[in-house]
Amino acid sequence: MNELTLKNLNKHYGKKYALKDFSFAFTDGVYGLLGPNGAGKSTLMHLITDNLLPDKKSCSEILWNNTSIRELKEKYREILGFMPQQQTLYPNMTARYFLGYMSSLKGIPAKKSLVEIDTVLKEVELYDDADKMIGGFCGGMKQRILIAAAILGNPKLIIMDEPTAGLDPKQRVIIRRLIEKLGHERIIIISTHIVSDIESIAKEILLIRSGELIANGTVEQLTAQVHSGEHTLENLYLQYYGGDAT
């Protein structure tokens with residue numbers, strides 16, 4: 001069983017808190033970070049992936065299996081897979097060549113990467129398109145090749161920032177099913193503002209507002225808190241945030 005522990009994460013941008021006293025412990029399974037744009041989800045993602053540092057004066061800690069990620073250094077990178085919301089894809093590269101490039105960036109030995117690439121292409125159902133140019137891929141296929149890049153090396157912690165952004169409903173279903181399949185014996189954290197992307201696959205959901213954790217629990221636990229209307233996650237989202245929860 002893996003565990004990622006966040007303790008008192010704080011991050012300022014100027015005078016504004018992007019994240020405030022955020023604490024939580026994740027174990028194996030799929031988690032949804034739910035909240036509107038600007039809630040602090042992406043900042044949290046970048047702190048977990050060590051692309052950002054917490055405020056210096058805070059007592060913030062990020063632990064992987066009880067060891068600080070600052071101590072683990074490169075070993076932490078080896079167990080981490082990250083799918084950012086926006087990542088450059090190279091339209092003139094084939095899917096296989098792109099994954100080879102990403103393998104080299106991850107330090108995966110060349111011989112091992114050949115096997116790894118075939119494995120992840122099959123996982124994301126792009127094996128038959130491996131030698132096609134990425135520039136000809138539809139939006140859903142591009143998202144799947146980014147997921148393939150994130151899972152290279154069989155990481156035990158996968159972070160996905162808005163993995164279904166801009167996709168049509170059919171493609172979003174394909175991505176959801178893929179994430180659900182991947183969420184065994186590893187921690188997957190998905191940042192999204194779309195309720196339907198996570199309500200059927202998340203082990204637990206965290207609601208974030210203005211950089212703070214305002215509620216967390218299973219879908220059943222959270223929907224029991226709905227004050228009026230049907231006890232659905234969408235109504236809970238509207239209760240906390242208002243606006244569109246689709």
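Sequential numbering from 1 along the given sequence is applied to the chain's residues.
Within the 4.5 Å cutoff, the side chain of Phe82 has no heavy atoms near those of the Ile48 side chain. In this structure, the side chains of Ile117 and Ser103 come closer than 4.5 Å at one or more pairs of heavy atoms. A heavy-atom distance below 4.5 Å is found between the side chains of Arg77 and Asp50. The closest side-chain heavy-atom distance from Leu63 to Ser68 is below 4.5 Å. Looking at heavy atoms from C-beta onward, Asp118 lies out of side-chain contact with Leu114 at the 4.5 angstrom threshold.
Among residues at least two apart or in separate chains, there is no ring-ring contact (aromatic ring centres under 6.0 Å, His included) pair with a member in residues 150-175.
Side-chain N or O atoms of Asn10 include one that pairs as donor or acceptor with a backbone N or O of Asp21 at under 3.5 Å. Proximity of a side-chain donor or acceptor of Thr94 to a complementary backbone N or O of Tyr97 within less than 3.5 Å is detected. In this structure a side-chain-to-backbone donor-acceptor pair under 3.5 Å is missing from Lys20 to Ser210. Side chain of Glu230 to main chain of Asn235: no donor-acceptor pair is present (N/O by atom type, distance under 3.5 Å, no hydrogens or angles). Here the side chain of Tyr240 pairs no donor or acceptor atom with the backbone of Ile208 at under 3.5 angstrom. No donor-acceptor pair under 3.5 Å is formed between the side chain of His46 and the backbone N or O of Asn51. The backbone N or O of Leu152 lies less than 3.5 Å from a partner atom in the side chain of Lys106, making a donor-acceptor pair. Proximity of a side-chain donor or acceptor of Ser23 to a complementary backbone N or O of Asn8 within less than 3.5 Å is detected.
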*Report the C-alpha separation of Lys181 and Leu178 in whole Å, then their side-chain angles, then the decisive distance to 0.1 Å, and conclude whether the side-chain contact (heavy atoms from CB on, under 4.5 Å) test is met.*
CA-CA 5 Å; Lys181 183 174 69 172; Leu178 173 58; 4.1 Å; yes
*Using the ring-ring contact (aromatic ring centres under 6.0 Å, His included) rule, take Phe24 and Phe26 through it: C-alpha gap first, then chi angles, then the decisive distance, then the call.*
CA-CA 7 Å; Phe24 194 78; Phe26 301 88; 4.8 Å; yes
*Kindly indicate, with the supporting measurements, whether the criterion side-chain contact (heavy atoms from CB on, under 4.5 Å) is fulfilled by Ile69 and Leu80.*
CA-CA 11 Å; Ile69 65 171; Leu80 177 66; over 6 Å; no
_Pair Glu61-Arg70, side-chain contact (heavy atoms from CB on, under 4.5 Å): steps then yes or no_ = CA-CA 9 Å; Glu61 279 190 298; Arg70 309 302 299 164; over 6 Å; no
*Passes side-chain contact (heavy atoms from CB on, under 4.5 Å), Leu4 versus Ile189? Steps please.*
CA-CA 11 Å; Leu4 175 71; Ile189 304 173; 3.9 Å; yes
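Atom CG of Asp131 sits in a crowded spot, with more than 12 heavy atoms from other residues, nucleotides or ligands closer than 6.0 Å. The number of heavy atoms from other shown groups lying within 6.0 Å of CD (Glu185) does not exceed 12. Atom NZ of Lys7 has 12 or fewer neighbouring heavy atoms from other residues, nucleotides or ligands inside a 6.0 Å radius.
With values rounded to the nearest 0.5 angstrom, Ile151 atom CD1 is found 9.0 Å from Thr119 atom OG1. Remark: Arg176 CZ to Thr164 OG1 distance equals 8.0 Å, nearest 0.5 Å. How far NZ of Lys41 is from NE2 of His193: 7.5 Å, rounded to the nearest 0.5 Å. Distance check: Leu233 CG to Gln225 CD gives 10.5 Å after rounding to the nearest 0.5 Å. Interatomic distance, Ile188 CD1 to Ile158 CD1, rounded to the nearest 0.5 Å: 4.5 Å. The CD1 atom of Ile62 lies 5.0 Å from the CG atom of Leu9; values are rounded to the nearest 0.5 Å.
Under 3.5 Å, the side chains of His231 and Glu220 contain no donor-acceptor pair of N or O atoms. Ser60 and Lys11 form no side-chain donor-acceptor contact under 3.5 Å, judged by distance and modelled atom types alone.
No salt bridge links Lys156 with Asp28; every basic N to acidic carboxylate O contact stays at or beyond 4.0 Å. In this structure, Arg172 pairs ionically with Asp197, as a charged nitrogen and a carboxylate oxygen lie closer than 4.0 Å.
Ring pair His12/Tyr17 is tilted by interplanar angle, where 30° to 60° counts as tilted.
Residue Ile145 is not grouped with residue Ile174 when hydrophobic side chains (ILVMFWY) are merged at heavy-atom distances under 4.5 angstrom, including chains of intermediate members.
Screening Asn216, Thr218, Thr27 for a side-chain hydrogen bond (donor to acceptor under 3.5 Å, both in side chains) involving Glu204 leaves a single residue, Asn216. Tested against Ile190, the residues Val30, Leu33, Ile175 include a single side chain to side chain contact (heavy atoms under 4.5 Å, CB included) partner, Val30.
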Can you give the donor-acceptor pairs under 3.5 Å from side chains of residues 122-129 to other protein atoms, not counting sequence neighbours?
{"residue": "Asp129", "atom": "OD1", "partner": "Lys132", "partner atom": "NZ", "Å": "2.9"}

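The ring-ring contact (aromatic ring centres under 6.0 Å, His included) search around Tyr76 returns none, not counting sequence neighbours.
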